[in-house]
Amino acid sequence: MNRNERIGAAAAKMRGYVEQKQTFLTSAVKRVPARSYTDPDQWKAEMELVFRRLPLMLAFTAELPKPGDYKAMDVIGLPVLINRDKAGTVRAFLNVCPHRGAPVAGEGHGNCPRFTCKYHGWTFGPDGRLIGVSEASKFGTVDKADLALRELPAAERAGMIFVSLTPGAPMDIEDFTRGYLEDFEGLGLADWTYLGNRVIEGANWKVAIDGYLEGYHFASLHPQTIYPRTPSNCAHYEAFGPHMRIGFPQHRIVETLPAVPREEWGAQENNGFDFARILFPNVSMFIAPEITQVAQLFPGPTPDRNRTVLTYLRREPIRDEADREQAEAAMNFFRDVTYTEDYLIGMDVQQGLQSGAHDEFLFGRNEPGNQYFHEWLDWYLQDDTEIPEPVLQAED
């Protein structure tokens with residue numbers, strides 16, 4: 001099936017779930033050790049075997065649309081610099097001057113033809129090469145070719161920029177995304193507008209991401225925000241390797257879909273159903289009609305904490321100052337809902353896990369996304385490609 005056919009099939013499933021008061025179910029309940037969220041050794045293994053090895057979606061084309069644009073950010077304690085060179089190619093580096101270790105670009109976004117270390121003024125080109133040493137005649141002889149910024153593997157696909165945190169590591173985005181890029185290409189993300197970001201902090205990164213993977217909590221935790229639009233405990237799941245597209249039907253799906261020819265159901269996102277797009281290990285994207293929120297969850301600085309960057313995009317450019325103010329208000333609203341309704345309960349969950357009250361966590365048959373995520377996480381932590389990969393399976 002192509003993208004539209006696949007989305008149309010998911011829409012039909014979601015309509016059936018609402019009509020029959022059902023949801024996607026697995027065959028059994030899954031148990032996860034509580035220490036998975038508290039153990040420092042597992043946390044370190046996740047950093048080394050997952051976050052430092054896998055391609056991480058760190059930026060959007062919309063954030064760096066022009067040559068000279070850059071984004072500097074902290075990623076699990078590593079300073080990362082992403083830029084677009086004169087030819088339009090995206091590159092990534094460790095944002096560390098080889099002279100004395102200071103950053104060559106301040107955190108955030110900007111545009112410049114070269115990067116200058118503010119500590120001693122060494123300059124670097126957009127390709128990372130050392131261009132100039134300040135007061136070179138007094139410094140001494142150096143080989144500039146050996147003093148470039150440390151480059152990181154980077155690739156730009158479907159309006160997204162992926163980076164590996166390990167210099168020289170192989171990176172095959174097509175293999176990693178397992179056909180999921182077609183969905184993002186269909187969204188046309190490369191032509192969207194970057195609006196800004198917000199940062200929130202919460203519990204262990206898996207406590208936080210668990211909340212993005214199910215709608216079982218909508219009625220109890222979001223009675224005034226999400227539940228009026230979306231039924232609780234009703235979702236459809238599709239897998240692309242370790243990644244997922246989670247479909248959440250709207251209450252009105254039983255009216256909106258029948259009003260549209262069946263062959264057009266694949267083009268009805270936000271008109272009767274919505275998707276949460278999950279990029280393993282740490283990204284959740286939700287497209288709403290007025291704005292898109294992308295959550296990037298970064299573990300640390302300790303096992304019981306995460307730092308989440310909420311990035312906001314939309315299809316249309318900003319029209320005027322009044323439109324900008326409305327966009328800022330929308331970003332603040334989505335940020336506040338995410339923090340007050342999800343992340344605060346996550347902090348309570350973290351406290352409960354650390355209390356030792358229970359040895360295990362439970363994920364029900366109605367929480368397949370959480371089960372599948374933890375199965376993939378465990379697969380990567382075993383660090384053995386001979387072990388069969390997890391498979392997302394609905395109840396027979």
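Counting from 1, the numbers follow the sequence of the chain as shown.
- Side-chain N or O atoms of Asn111 include one that pairs as donor or acceptor with a backbone N or O of Pro67 at under 3.5 Å.
- Taking the six-membered ring where the residue is Trp, the centroids of His99 and Tyr119 are separated by 6.0 Å or more.
- Between His236 and Phe24, the distance separating the two ring centers is shorter than 6.0 angstrom.
- With hydrogens and angles ignored, the 3.5 Å screen pairs no side-chain donor or acceptor of Trp265 with any backbone N or O of Ile7.
- Counting only distance, with no hydrogens or angles, the side chain of Gln250 and the backbone of Gly272 share a donor-acceptor pair below 3.5 Å.
- With ring centers used as reference points, Phe298 lies 6.0 Å or more from Phe51.
- Under a 4.0 Å N-O distance rule, the pair Asp69/Arg84 does not qualify as a salt bridge.
- Under the 4.0 Å criterion applied to side-chain N and carboxylate O atoms, Arg178 and Glu389 are assigned as salt-bridge partners.
- Panel note: side chain Thr123, backbone Ile131; no donor-acceptor pair is recorded below 3.5 Å.
- Taking the side chain to side chain donor-acceptor pair (under 3.5 Å) definition, one finds that Glu174 meets it with Arg157, sequence neighbours left out.
- For the pair Arg315 (side chain) and Asp191 (backbone), a donor-acceptor distance under 3.5 Å is absent.
- In this structure, the side chain of Gln350 engages the main chain of Asn204 through a donor-acceptor pair within 3.5 Å.
- Note on Arg91 versus Asp127: no salt bridge recorded, every NZ/NE/NH1/NH2 to OD/OE distance being 4.0 Å or above.
- Side chain of Glu367 to main chain of Gly364: a donor-acceptor pair is present (N/O by atom type, distance under 3.5 Å, no hydrogens or angles).
- Taking the ring centroids of His374 and Phe363, they lie under the 6.0 Å cut-off.
- Judged by distance alone, the side chain of His251 and the main-chain N or O of Tyr227 form a donor-acceptor pair under 3.5 Å.
- Of all heavy-atom pairs between Gln296 and Met57, the closest is NE2-O, 2.9 Å.
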*Run the numbers on Leu195 and Arg314 for side chain to side chain contact (heavy atoms under 4.5 Å, CB included), then give the verdict.*
CA-CA 7 Å; Leu195 299 176; Arg314 76 177 193 188; 4.2 Å; yes
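- Between Arg198 and Asp336 there is no salt bridge, since no side-chain nitrogen of the basic residue lies less than 4.0 Å from a carboxylate oxygen of the acidic one.
- Salt bridge present: Arg245 and Glu238 bring a charged side-chain N and a carboxylate O closer than 4.0 Å.
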